[in-house]
Chemist: 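Starting off with a structure, shown below.
Predicted model only: the values in this text are computed from it and were never measured.
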Amino acid sequence: MDLTAYGKKADDGISAAISIINSMDTLLDPENERSKTYEINHAMGGSVVVNEQIAKMLRTAQTVYERSDGALDLTTYPLSKLWGFIDQNYRVPSDAEIERLLPCVDMSKVQLSSTDDSANSLVTMPADMSLSFGAVAKGCASDYAIQAMRAAGVTSGVVSLGGNVQTLGKKPDGSDWNIAIQDPNDTGSYLGYLTVGETAVITSGSYQRYFVGPDGMKYHHIIDPSTGRPADNDLVSVTIVCPDGTLADALSTAMFVLGENAALKYWRENGGFEMIMINKDNEIMCTTGLIEVFTLTNRTDYTLKMVE
């Protein structure tokens, strides 16, 4: 995590943001028996009271789930555990193991309802299912961290949570921020940068968390809910730019799972965000709203294309 704030209220803003991030980490860790996520996963079909942060993540995830034909599904958590992406005991599961868990993956069965208390909601899902907020948690945390910094009086700052960057206002001198886009082929360097104002810039990629199996194949952590296996298409990285960090986080996963053509179809039909996709042929596909603000610095290995 890298938090930056400017001005007289900088320290107060950083403290408030850290408090929010720490509280959400405790709230959302599905392996922590004291967490709300653990409570939801062990409610045996009963309803669990959740706060506005969890409700926001669920509403956002459900919208993207419906619009993407299930490409984003928070209930793939048992599959992530099966592949070892939760405890780092990596393994390639058998077809039978995957088939056994696939019927437990269905975001449409997770119900979110209101309560008499407007600050809280109820979550209900079948007893044989479990979920994780991993695909939306960092984006939501950056949303609320930025809110906390603003409430503390900060007017210029950045919250960076490992691939999730969200900005507050502009730089102290009034200019826009330069947000680097990591090079998937060389994670120690960057292939270019975006020049943006106040927004979220969130990336999902197959190069971030992966292992190499006994067969020599690389298996990454972004699970395709329809197959129970790591998403297999030509994409290696998707970056989403939009004002809502939670939505950007959800979309980065969904667009990666959808693949190049289906992701562009989603963007054209739904809008509300801009996108940079990088494929295995080292092509950078940049939507129309970003082509003027993206600067390619690695000009030898990559080809930049505008998509519309």
Chemist: Please name the pair of heavy atoms, one in M57 and one in A137, separated by the smallest distance, quoted to 0.1 Å.
Modeler: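 Closest approach of M57 to A137: SD-CA, 3.8 Å.
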Chemist: With side chain to side chain donor-acceptor pair (under 3.5 Å) as the criterion, how do T246 and D143 come out once you've worked through the C-alpha distance, each side chain's angles and the decisive distance to 0.1 Å?
Modeler: CA-CA 7 Å; T246 311; D143 270 335; 2.7 Å; yes
Chemist: For the residue pair T115 / N120, report whether a side-chain donor-acceptor contact shorter than 3.5 Å exists.
Modeler: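 Short answer, no.
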Chemist: Any idea which heavy atoms bring I223 and S80 closest together, and the distance?
Modeler: CG1-OG, 3.9 Å
Chemist: Taking all non-hydrogen atoms of both residues into account, name the closest pair between G13 and V154 and its distance.
Modeler: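 Between these two residues, the closest heavy atoms are CA-CG2, 3.8 Å.
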Chemist: Report yes if the distance between the aromatic ring centroids of Y219 and Y90 is under 6.0 Å, otherwise no.
Modeler: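 No - the distance between ring centres of Y219 and Y90 does not fall below the 6.0 Å cut-off.
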Chemist: Has the side chain of E99 got a donor or acceptor atom that lies under 3.5 Å from a matching backbone atom of S94?
Modeler: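 No; judged by distance alone, with no hydrogens or angles, the pair does not exist.
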Chemist: Could you please spell out the steps behind the salt bridge (Lys or Arg N to Asp or Glu O under 4.0 Å) verdict for D176 and K170?
Modeler: CA-CA 5 Å; D176 285 335; K170 294 192 175 189; 3.3 Å; yes
Chemist: Would you find more than 12 non-hydrogen atoms of other residues, nucleotides or ligands less than 6.0 Å from Y210 atom OH?
Modeler: no
Chemist: State which residues pass side-chain hydrogen bond (donor to acceptor under 3.5 Å, both in side chains) with N41; sequence neighbours excluded, sorted by chain then number.
Modeler: none
Chemist: Rounded to the nearest 0.5 Å, how far apart are CD1 of I54 and SG of C140?
Modeler: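 Spacing of CD1 (I54) from SG (C140) equals 9.0 Å.
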Chemist: Within the 4.5 Å heavy-atom criterion, are L3 and I18 side-chain neighbours or not?
Modeler: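 Touching, per the 4.5 Å side-chain cut-off.
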Chemist: If you define the side chain from C-beta out and look only at heavy atoms, does anything of P184 sit under 4.5 Å from S237?
Modeler: yes
Chemist: Could you tell me whether the side chain of S35 and the main chain of D29 form a donor-acceptor pair under 3.5 Å?
Modeler: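 Between the backbone of D29 and the side chain of S35 there is a qualifying donor-acceptor contact (under 3.5 Å).
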Chemist: Run the side chain to side chain contact (heavy atoms under 4.5 Å, CB included) test on F256 and M277 for me, step by step, so that the C-alpha distance in whole Å, both residues' side-chain angles and the decisive distance to 0.1 Å come before the verdict.
Modeler: CA-CA 8 Å; F256 188 96; M277 295 183 291; over 6 Å; no
Chemist: Flag the pair R229 and D224 as a salt bridge only when some basic side-chain nitrogen lies within less than 4.0 angstrom of an acidic carboxylate oxygen.
Modeler: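 Salt bridge absent between R229 and D224.
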Chemist: Could you tell me whether the side chain of E66 and the main chain of T63 form a donor-acceptor pair under 3.5 Å?
Modeler: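 Pair absent, no side-chain N/O of E66 close to backbone of T63.
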Chemist: Considering all heavy atoms of both residues, which atom of A71 and which atom of A254 are nearest to each other, and what is their separation?
Modeler: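 A71 and A254 have their closest heavy atoms at CB-O, 3.7 Å.
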Chemist: Taking the side chain as C-beta and beyond, is there a heavy-atom pair between V241 and T287 under 4.5 Å?
Modeler: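 No. Closest side-chain heavy atoms not under 4.5 Å.
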Chemist: Is the distance from the ring center of F294 to that of Y193 below 6.0 Å?
Modeler: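 Distance test on ring centres: not under 6.0 Å, no.
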Chemist: Verify side chain to side chain contact (heavy atoms under 4.5 Å, CB included) between V159 and M149, making sure each step is shown before the conclusion.
Modeler: CA-CA 10 Å; V159 172; M149 288 168 65; 3.7 Å; yes
Chemist: Side-chain donor-acceptor pair under 3.5 Å between Y77 and D73, yes or no?
Modeler: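 No donor-acceptor contact under 3.5 Å links the two side chains.
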Chemist: Check whether any side-chain heavy atom of I278 lies under 4.5 Å from a side-chain heavy atom of Y302, and answer yes or no.
Modeler: yes
Chemist: Look at the side chain of T187 and the backbone N and O of D183, then say whether any donor-acceptor pair between them is shorter than 3.5 Å.
Modeler: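 No; zero donor-acceptor contacts below 3.5 Å.
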Chemist: Less than 3.5 Å apart, any donor N or O on the side chain of S142 or N164 sitting next to an acceptor on the other?
Modeler: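 No pair is found: no donor N or O on one side chain lies under 3.5 Å from an acceptor on the other.
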Chemist: Let me confirm one number: the CZ-CG distance from R100 to L79, rounded to the nearest 0.5 Å.
Modeler: 9.5 Å
Chemist: Check the pair E39 / K36 against salt bridge (Lys or Arg N to Asp or Glu O under 4.0 Å), numbers first and verdict last.
Modeler: CA-CA 5 Å; E39 184 181 348; K36 186 60 69 170; 3.2 Å; yes
Chemist: Can you name the closest pair of heavy atoms from A263 and L258 and give their distance?
Modeler: N-CB, 4.0 Å
Chemist: Less than 4.5 Å apart, side chain to side chain, heavy atoms only: is that true for C286 and L304?
Modeler: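 In contact.
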Chemist: Distance-only, no hydrogens or angles: does the R209 side chain make a donor-acceptor pair with backbone N or O of H220 under 3.5 Å?
Modeler: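 Not a single qualifying donor-acceptor pair exists.
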Chemist: Can you get from Y65 to F133 by hopping between Ile, Leu, Val, Met, Phe, Trp and Tyr side chains that sit under 4.5 Å apart?
Modeler: yes
Chemist: Decide side chain to side chain contact (heavy atoms under 4.5 Å, CB included) for I181 and L194; before the verdict, give the C-alpha distance in whole Å, the side-chain angles of both, and the deciding distance to 0.1 Å.
Modeler: CA-CA 7 Å; I181 304 298; L194 288 162; 3.9 Å; yes
Chemist: Applying side chain to side chain contact (heavy atoms under 4.5 Å, CB included), run through M129 and I40 and close with a yes or a no.
Modeler: CA-CA 10 Å; M129 293 172 61; I40 294 169; over 6 Å; no
Chemist: Do NZ/NE/NH1/NH2 and the carboxylate oxygens of D244 and K56 come within less than 4.0 Å?
Modeler: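 So D244 pairs with K56 through a salt bridge.
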Chemist: Fit a plane to each ring of Y266 and F273, take the angle between them on a 0 to 90° scale, and name the class: parallel (under 30°), tilted (30 to 60°) or perpendicular (over 60°).
Modeler: tilted
Chemist: Using atom types as modelled and distance alone, determine if a side-chain donor or acceptor of T167 lies under 3.5 Å from a backbone N or O of T199.
Modeler: yes
Chemist: Salt bridge between E52 and R59, side-chain N to carboxylate O under 4.0 Å?
Modeler: no
Chemist: Are the side chain of T75 and the backbone N or O of D106 linked by a donor-acceptor pair below 3.5 Å?
Modeler: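 Checked: pair present.
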Chemist: For the pair D186 and S189, evaluate side chain to side chain donor-acceptor pair (under 3.5 Å) and give the outcome as yes or no after the intermediate values.
Modeler: CA-CA 6 Å; D186 179 9; S189 64; 3.0 Å; yes
Chemist: Could you tell me which residues satisfy side-chain contact (heavy atoms from CB on, under 4.5 Å) with N279, sequence neighbours excluded, listed by chain and number?
Modeler: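 Scan of N279 (side-chain contact (heavy atoms from CB on, under 4.5 Å), adjacent residues dropped) gives D234, L235, E260, D281, E283, M285.
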Chemist: Nearest 0.5 angstrom please: T195 OG1 to N178 CG, how far?
Modeler: 4.0 Å
Chemist: Could you pull out all donor-acceptor pairs under 3.5 Å where a side-chain atom in residues 5-12 meets a protein atom, sequence neighbours excluded?
Modeler:
none

Chemist: Residues in side-chain hydrogen bond (donor to acceptor under 3.5 Å, both in side chains) with D173, at least two apart?
Modeler: S175
Chemist: Just how far is it from atom CG of L82 to atom OG1 of T76, taken to the nearest 0.5 Å?
Modeler: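 One finds 11.5 Å between CG of L82 and OG1 of T76.
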Chemist: For D301 and N185, which I'm curious about, is there any donor-acceptor pair between the side chains at under 3.5 Å?
Modeler: no
Chemist: Examine the side chains of T124 and S47 and answer whether a donor and an acceptor come within less than 3.5 Å of each other.
Modeler: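 Judged by distance alone, the side chains do pair up.
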Chemist: Kindly write out the residues that satisfy ring-ring contact (aromatic ring centres under 6.0 Å, His included) with H221, not counting sequence neighbours, or none if the list is empty.
Modeler: none
Chemist: Is the backbone of G169 close enough, under 3.5 Å, to the side chain of E198 for a donor and an acceptor to pair up by distance?
Modeler: yes
Chemist: Is the shortest heavy-atom distance from the side chain of L191 to the side chain of I284 under 4.5 Å?
Modeler: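 With C-beta onward as the side chain, the pair touches.
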Chemist: Hey, does K81 have a side-chain heavy atom less than 4.5 Å from the side chain of E31?
Modeler: yes
Chemist: With the side chain counted from C-beta on, respond yes when S252 and T239 share a heavy-atom pair under 4.5 Å apart, and no when they do not.
Modeler: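 With C-beta onward as the side chain, the pair stays apart.
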Chemist: For atom NZ of K305, is the number of surrounding heavy atoms from other residues, nucleotides or ligands below 6.0 Å larger than 12?
Modeler: no
Chemist: Which residues satisfy the salt bridge (charged side-chain N to carboxylate O under 4.0 Å, His left out) test with K218, sequence neighbours excluded?
Modeler: none
Chemist: Please answer whether the main-chain N or O of L247 pairs with a side-chain N or O of T60 as donor and acceptor at a distance below 3.5 Å.
Modeler: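 Checked: no pair found.
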Chemist: Is it the case that atom CD in E292 sees more than 12 heavy atoms from other parts of the structure closer than 6.0 Å?
Modeler: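 Incorrect, the count does not exceed 12.
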Chemist: Considering all heavy atoms of both residues, which atom of G70 and which atom of P225 are nearest to each other, and what is their separation?
Modeler: O-CG, 3.3 Å
